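Some notes on the structure that comes next.
Worth saying up front: this structure is predicted, and the values here are computed from it rather than measured.
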Amino acid sequence: TSGEKANTPEMVRAQMIGLHAAWLRRAGAELSEGVAVEISPLYALDAEELSGKIPPKTRITEDTYFC
């Protein structure tokens, strides 16, 4: 069906990683190029909630799952 290739699990995961990286940058974190970051909804539901939990200038240099 139309759109199937755009809705693969891999594509959705890549989009979530991109969203979570944007949240972290908005919170003042520094991410190394190419790291995958994921944020559990139990940890933060949005960028505002995340910013209260991440110290400014936090450096993320490897794949990280925040839970």
Side-chain angles (χ1 to χ4, degrees):
T1 61
S2 177
E4 256 183 52
K5 292 184 183 204
N7 294 317
T8 65
E10 295 81 14
M11 179 63 73
V12 172
R13 183 171 186 262
Q15 291 172 341
M16 291 300 296
I17 288 170
L19 174 66
H20 293 160
W23 287 4
L24 285 159
R25 287 187 182 99
R26 201 164 137 195
E30 299 173 5
L31 281 72
S32 294
E33 187 68 32
V35 297
V37 289
E38 294 185 67
I39 300 168
S40 166
L42 298 174
Y43 189 79
L45 290 174
D46 56 28
E48 289 72 29
E49 186 175 1
L50 180 64
S51 68
K53 296 182 177 187
I54 300 293
K57 303 288 184 189
T58 296
R59 182 117 175 97
I60 301 168
T61 58
E62 58 188 37
D63 293 352
T64 304
Y65 182 73
F66 293 87
C67 55

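- Among residues two or more places apart in sequence or in another chain, the salt bridge (charged side-chain N to carboxylate O under 4.0 Å, His left out) test is passed with R13 by E38.
- At a threshold of 4.5 Å between non-hydrogen side-chain atoms, the residues T64 and V35 do not count as touching.
- For the salt bridge (Lys or Arg N to Asp or Glu O under 4.0 Å) condition, no pair includes a residue of residues 58-67, sequence neighbours left out.
- Residues S40 and C67 share a closest heavy-atom pair of CB-CA, 3.9 Å.
- Smallest separation of non-hydrogen atoms from S51 and A27: CA-CB, 3.7 Å.
- Here the straight-line distance linking atom CZ of R26 with atom CG of D46 works out to 8.0 Å at 0.5 Å rounding.
- To the nearest 0.5 Å, the span separating CD1 on I60 from CZ on R25 amounts to 9.0 Å.
- Applying the ring pair (Phe, Tyr, Trp, His ring centres under 6.0 Å) test to Y43 and every residue at least two apart in sequence or in another chain returns F66.
- Cluster membership check: I17 does not share its hydrophobic cluster with I54, using side-chain heavy-atom separations under 4.5 Å among Ile, Leu, Val, Met, Phe, Trp and Tyr.
- Between W23 and A44 the shortest heavy-atom distance is CZ3-O, 4.0 Å.
- The CG atom of L24 lies 4.5 Å from the CD1 atom of I39; values are rounded to the nearest 0.5 Å.
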